[in-house]
2 protein chains.
Amino acid sequence: MTLDRMDRKILEILQEDATIPVAEIGKRIGLSTTPCWRRIQKLEENGVIQRRVAVLDPKKVNVGVTVFVSITTSHHAQDWLDQFHGVLSAFPEIVEFYRMSGEVDYLLRVVVPDIEHYDAFYKKLISQIELTEVSSAFAMEQIKFTTSLPLAYAVPEPA
Amino acid sequence: MTLDRMDRKILEILQEDATIPVAEIGKRIGLSTTPCWRRIQKLEENGVIQRRVAVLDPKKVNVGVTVFVSITTSHHAQDWLDQFHGVLSAFPEIVEFYRMSGEVDYLLRVVVPDIEHYDAFYKKLISQIELTEVSSAFAMEQIKFTTSLPLAYAVPEPA
DNA sequence: CCTGAAAAGATTCACGG
DNA sequence: CCGTGAATCTTTTCAGG
């Protein structure tokens with residue numbers, strides 16, 4: 001699917017605030033309600049817009065602490081990997097989970113209320129699956145966090 | 001603010017899908033529209049719900065590659081730190097930015113289309129501010145990514 | 001604090017340019 | 001592909017238990 005500048009403008013608005021009425025979005029980008037609405041529909045059908053969600057304040061739901069967990073493993077059989085992915089993905093505290101190149105095999109972002117709860121999480125984690133090497137790095141401060149992806153790369157070259 | 005089980009149920013639903021009508025949410029949790037709506041209002045007023053946003057598919061907007069960038073710096077003056085925070089936060093490719101404890105001083109999550117574009121981003125970054133040590137780790141696969149925070153820690157003990 | 005219904009507003013659709 | 005206007009459905013407010 002190709003995204004033109006209108007689509008990009010719509011996405012820019014909706015990434016920041018999905019409560020804005022379609023009529024208002026149209027007004028901002030110079031389009032009337034229906035064509036604007038049709039573009040949004042298409043963006044949803046094509047999966048460019050995956051979902052609309054409420055973003056919560058981590059501190060207000062008592063998960064103000066972020067920990068990055070680096071995992072190195074010696075297992076490489078597919079069976080074990082599938083189980084590993086499944087077990088880890090099921091933890092609600094694990095909000096991001098990447099397979100990495102380089103030194104570390106996997107990187108997790110974990111959210112918990114404090115260090116004590118992280119310790120409890122950690123114990124539960126290692127009790128459920130065997131991990132060769134695990135190292136934890138604590139975030140002291142979240143300086144930036146956004147769900148808005150850059151859209152400069154999404155638009156085709158100007159005609 | 002204290003969140004009871006009803007609030008938590010509402011948040012669980014809205015974190016996953018913020019398009020569900022209030023009447024439907026009420027039905028699911030056993031509440032009629034008005035009280036459910038009032039609870040949502042309160043959660044927004046109190047900042048528990050920060051915003052409602054559209055979540056996009058990174059690949060479909062051409063930023064399928066995630067890179068974690070670790071930064072160590074020798075500067076510690078407040079002036080320099082403020083500038084550092086400002087300069088980095090302005091990059092739309094930097095979607096997360098943490099001050100860390102331990103080895104590394106800062107950790108970034110950067111999204112770009114591919115390694116070539118990461119190189120361009122990197123050059124731009126180091127041209128704008130002096131960084132003592134920078135190391136990049138590429139994610140090969142995003143196994144899990146969710147904007148839903150765990151809510152088990154948010155609820156007060158059963159009365 | 002709750003229920004049920006009415007008013008206000010947004011989304012969706014049929015039709016025409 | 002864009003726009004206008006009307007029908008439908010949601011949200012929001014209000015009267016009352």
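Order of the sequence lines fixes the chain letters, A, B, ..., with proteins taken first and strands second; residue numbering starts at 1 for each chain.
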Undergrad: Where along residues 41-57 of chain B does a heavy atom fall under 4.0 Å from DNA chain D?
TA: none
Undergrad: Enumerate the residues from residues 7-17 of chain B whose closest heavy atom to DNA chain C is under 4.0 Å, giving them by residue number; use none for an empty result.
TA: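 Nothing qualifies; none.
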Undergrad: Would you check if the distance from the ring center of Phe84(A) to the ring center of His75(A) is below 6.0 Å?
TA: no
Undergrad: Using a cut-off of 4.0 Å on non-hydrogen atoms, how would the nucleic acid contact of Pro21(A) be classed: base, sugar-phosphate, or nothing?
TA: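 Sugar-phosphate contact only - Pro21(A) comes under 4.0 Å of backbone atoms but never of a base.
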Undergrad: Give a yes or no on whether a salt bridge exists between Asp4(A) and Arg8(A), defined as a side-chain N under 4.0 angstrom from a carboxylate O.
TA: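 Looking at Arg8(A) together with Asp4(A), the answer is no, because their closest N to O distance does not fall below 4.0 Å.
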Undergrad: Measure from NZ on Lys27(A) to P on dC2(D) and round the result to the nearest Å.
TA: 19 Å
Undergrad: Kindly point out which of dT11(D), dC2(D), dA10(C) is positioned nearest to the side chain of Val22(B)?
TA: dT11(D)
Undergrad: Within the structure, does a side-chain N or O atom of Arg38(A) lie under 4.0 Å from either OP1 or OP2 of dG3(D)?
TA: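 So the side chain of Arg38(A) is outside the cut-off, no N or O lying under 4.0 Å from OP1 or OP2 of dG3(D).
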Undergrad: For residues Thr66(A) and Gln142(A), is any side-chain donor paired with an opposing acceptor at under 3.5 Å?
TA: no
Undergrad: Ignoring hydrogens and geometry beyond distance, is a side-chain donor-acceptor pair present between Asp82(B) and His85(B) at under 3.5 Å?
TA: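 No.
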Undergrad: Can you see whether Thr132(B) engages Ser74(B) through a side-chain donor-acceptor pair at a distance of less than 3.5 angstrom?
TA: yes
Undergrad: For Ile20(A) and dA10(C), give me the distance from atom CD1 to atom P, rounded to whole Å.
TA: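 The distance from CD1 of Ile20(A) to P of dA10(C) comes to 12 Å, rounded to the nearest Å.
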Undergrad: Any donor-acceptor pair under 3.5 Å between the side chain of Thr34(A) and the base of dT4(D)?
TA: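 Yes, a donor-acceptor pair under 3.5 Å.
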Undergrad: Starting at CD1 of Ile40(A) and ending at P of dA10(C), how long is that distance when rounded to a whole Å?
TA: 14 Å
Undergrad: When you compare the side chains of Thr147(A) and Gln15(A), does any donor N or O come within less than 3.5 Å of an acceptor on the partner?
TA: no
Undergrad: Ignoring hydrogens and geometry beyond distance, is a side-chain donor-acceptor pair present between Tyr118(B) and Ser136(B) at under 3.5 Å?
TA: yes
Undergrad: Would you mind reading off the distance between Arg5(A) atom CZ and dC1(D) atom C1', rounded to a whole angstrom?
TA: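 Distance check: Arg5(A) CZ to dC1(D) C1' gives 16 Å.
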Undergrad: Does a side-chain N or O of Trp37(A) approach OP1 or OP2 of dT11(C) to a distance below 4.0 Å, or not?
TA: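 Checking Trp37(A) against dT11(C): no side-chain N or O falls below 4.0 Å of OP1 or OP2.
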Undergrad: Describe, in one word, how the ring planes of Phe97(A) and Tyr106(A) are oriented to each other, choosing from parallel (under 30°), tilted (30 to 60°) and perpendicular (over 60°).
TA: tilted
Undergrad: What residue among Arg52(A), Gln50(A), Arg51(A) forms side chain to side chain donor-acceptor pair (under 3.5 Å) with Glu44(A)?
TA: Arg52(A)
